[in-house]
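Inspection log for the structure reproduced underneath, given as structure tokens.
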Number of protein chains: 2
Amino acid sequence: MADRGRPRGFDRQKALARAMEVFWARGYEGSSISDLTGAMGIASPSLYAAFGSKEALFQEAVTHYKATEGPEILAAMDAAPVIRDAVEAYLTTSATTFTRRGKPRGCMVVLSGLTPAAANEGLCEGLRNDRAANIDDLESRLKLAVSAGQLPAEMDTRAVATFYVTVQQGMAIQARDGATRATLMRIAHDAMKAWPALIGVA
Amino acid sequence: MADRGRPRGFDRQKALARAMEVFWARGYEGSSISDLTGAMGIASPSLYAAFGSKEALFQEAVTHYKATEGPEILAAMDAAPVIRDAVEAYLTTSATTFTRRGKPRGCMVVLSGLTPAAANEGLCEGLRNDRAANIDDLESRLKLAVSAGQLPAEMDTRAVATFYVTVQQGMAIQARDGATRATLMRIAHDAMKAWPALIGVA
DNA sequence: CCTTTTCTGTATCGATCGCTATATATTTCA
DNA sequence: TGAAATATATAGCGATCGATACAGAAAAGG
């Protein structure tokens, strides 16, 4: 029912990817409609016709970010048969995605909505939930390993998951500040040096 | 030469402290002049007469932040005779300052300028330098301990300093996301579980 | 007293914000 | 070959941004 009328003159997915990069680099408040339309190569009416509003575009950009950057990290974790290596892969793969040539540095979910203006607090709550979900997901992985007998039943899976997500978030800031991929890898490996003590009974 | 004319009707230091809290909570771009004057209890001409511009006010607010929150962390480190405890104090005292009742959560230097609009990149560069200085300072402390024979001469002081500052920055995000002080303390202690392996020869 | 100096309160400034009305261009369906 | 439908381009909406002009108020110096 939408095959009538003048066809869209731009690739919606490509435009979304461009918008994602702008938000990724400058955050929600730091990205103006003019910044976005410039990067997307379209005029503002086309943006609003295709995406609805700046906020809706941002939401869709975050979803696109999670869909494009997330699976790589999950796949790397799944590829590791040993839980310790899966956690390490979580950090090292993050280091990789945080320092891609031609892409903004660091993590969009971590960096793009930390200091909301009064009007945009709702937006940042969604990102906060995404960050909380990261902890939940990692903890689920740890619990699975506990169930499988790979980890002691008495360990505090919540604390360990929180610790490694915290390190990953710090790595996002380091990446934004210009840390090289090698430096981030070193941080990841150094964080794993706490692993034996962390999985020991608290 | 400034004791003539109508006296200022507000306390400049108190107004600066209020402005600092606004920037701390909402970042540079998220804080409007109207937000600032509202919190400071003055009108905009008074703000500009006393501080010059929004950017100058922000710079002064950052300086004020470092002068009020920094010494507590340094004092806690100085109070620890053993270098391991000094590093732990760096993290635990950060956890304390990140979760003060009535103050914004997390660290102003870490959170207030991560996603600059195109026009404000210079401002955030100052904050980036401040964050880099944190690594330098912690590394200096570690080098001192190496010189004193408290740590092995072959250890990578740069890497260890980078790791613990990264953890601290992650803690700032966790604090902003609502983590309790107890949770941050747990993260700090968990990070110290990497210490023995970190100071061992790489 | 009057002049000078500085601060305050009102009332904006031009620029930009997110967003949209309107007219025109380009397509499909009848 | 229209009529209907959708997209684009121009141009500008009201609101807010950071920043100020101006006049009156409040102090010190003469």
Side-chain angles (χ1 to χ4, degrees), chain A residues 1-16 18-20 22-23 26-62 112-113 115-124, chain B residues 1-16 18-20 22-23 26-62 112-113 115-124:
Chain A
M1 77 172 175
D3 55 344
R4 269 167 42 147
R6 178 175 173 174
R8 182 176 286 130
F10 61 95
D11 185 324
R12 193 182 189 278
Q13 273 306 111
K14 285 185 183 171
L16 176 59
R18 299 281 174 80
M20 178 192 72
V22 174
F23 282 131
R26 305 205 179 283
Y28 181 75
E29 328 243 22
S31 306
S32 69
I33 296 292
S34 154
D35 291 334
L36 293 163
T37 55
M40 299 163 86
I42 60 177
S44 51
S46 297
L47 186 157
Y48 283 90
F51 299 100
S53 69
K54 182 188 179 185
E55 176 168 347
L57 174 59
F58 180 76
Q59 303 282 18
E60 205 165 331
V62 171
S112 66
T115 52
N120 305 119
E121 286 178 347
L123 246 182
C124 299
Chain B
M1 79 170 172
D3 57 344
R4 269 167 40 149
R6 177 174 175 174
R8 183 176 285 132
F10 60 95
D11 184 324
R12 193 182 189 279
Q13 274 305 110
K14 286 184 182 172
L16 176 60
R18 299 282 174 79
M20 177 192 71
V22 174
F23 282 131
R26 305 204 180 283
Y28 181 75
E29 327 243 24
S31 306
S32 69
I33 296 292
S34 152
D35 291 334
L36 292 163
T37 54
M40 298 163 86
I42 60 177
S44 50
S46 298
L47 187 157
Y48 282 91
F51 299 100
S53 68
K54 183 187 179 185
E55 177 168 347
L57 175 60
F58 180 75
Q59 303 281 19
E60 206 166 328
V62 171
S112 67
T115 52
N120 305 119
E121 285 178 349
L123 246 182
C124 299

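Worth knowing before you read on, the calculation uses all heavy atoms, side chains too, and leaves out hydrogens, waters and symmetry mates. Letters go in sequence order (proteins before strands), and every chain restarts at 1.
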Check your understanding: Quick one: B/Asp11 CG to C/dC7 P, roughly how many Å, whole number?
Key -> 14 Å
Check your understanding: Taking atom P of D/dG18 as reference, at what distance in whole Å does atom CG of B/Leu36 sit?
Key -> 8 Å
Review point. What's the spacing between B/Ile42 CD1 and B/Arg18 CZ if we round to 0.5 Å?
Key: 11.0 Å
Exercise for review: Using whole Å, report how far CD1 of B/Ile42 lies from P of D/dT20.
Suggested key: 15 Å
Revision key, fill the gap. Separation of D/dG18 atom C1' from B/Asn120 atom CG, nearest Å, is 11 Å
Point to revise | Distance-only donor-acceptor test, B/Ser34 side-chain atoms vs D/dT16 base atoms, 3.5 Å | key: no
Practice item. Check whether NZ of the Lys or CZ of the Arg B/Lys54 lies under 6.0 Å from the centre of the six-membered ring of B/Phe23 and within 45 degrees of that ring's axis. Key: no
Check your understanding: Where do B/Gly27 and B/Ser31 come nearest, in terms of heavy atoms and distance?
Key -> O-OG, 2.6 Å
**Study point:** Ionic contact status for A/Arg12 with A/Glu60, cut-off 4.0 Å
**Key:** yes
Practice item. To the nearest Å, give me how far apart CG (A/Leu47) and C1' (C/dC17) are. Key: 14 Å
Review point. Considering only heavy atoms from C-beta outward, does the side chain of A/Ser112 approach that of A/Phe58 to under 4.5 Å?
Key: yes
Exercise for review: Measure distances between side-chain N and O atoms of A/Ser32 and base N and O atoms of C/dT16, and say whether any donor-acceptor pair falls under 3.5 Å.
Suggested key: no
Check your understanding: Partners of A/Ala19 by side chain to side chain contact (heavy atoms under 4.5 Å, CB included), sequence neighbours excluded?
Key -> A/Leu36, A/Met40, A/Leu57
Point to revise | Given D/dT10, D/dA7, C/dT28, the nucleotide with the shortest approach to the side chain of A/Arg8 | key: D/dA7
Review point. Reckon B/Phe10 touches a base, only the sugar-phosphate, or nothing at all at heavy-atom distances under 4.0 Å?
Key: sugar-phosphate
Could you list the protein-to-nucleotides 22-26 of chain D atom pairs, N/O on both sides, closer than 3.5 Å?
| unit_1 | atom_1 | unit_2 | atom_2 | d |
| --- | --- | --- | --- | --- |
| D/dA25 | N3 | B/Arg6 | NH1 | 3.3 |

**Study point:** Nearest-angstrom distance from the residue atom CZ of B/Arg4 to C1' of C/dC2
**Key:** 13 Å
Point to revise | Exercise: identify the closest heavy-atom pair between A/Phe10 and A/Ala50 | key: CZ-CB, 4.0 Å
Practice item. Indicate whether OP1 or OP2 belonging to D/dT8 is found under 4.0 Å from a side-chain N or O atom of A/Ser46. Key: yes
Exercise for review: Classify the nucleic acid contact of A/Ser31 as base, sugar-phosphate or nothing, counting any heavy atom under 4.0 Å across all strands shown.
Suggested key: sugar-phosphate
Check your understanding: How close or far is atom P of C/dG18 from atom CG of A/Leu57, stated in whole angstroms?
Key -> 11 Å
**Study point:** Any A/Tyr48 side-chain N or O less than 4.0 Å from OP1/OP2 of C/dT20
**Key:** no
Exercise for review: Please state how far atom CD1 in A/Ile33 lies from atom C1' in C/dT16, giving the value in whole angstrom units.
Suggested key: 12 Å
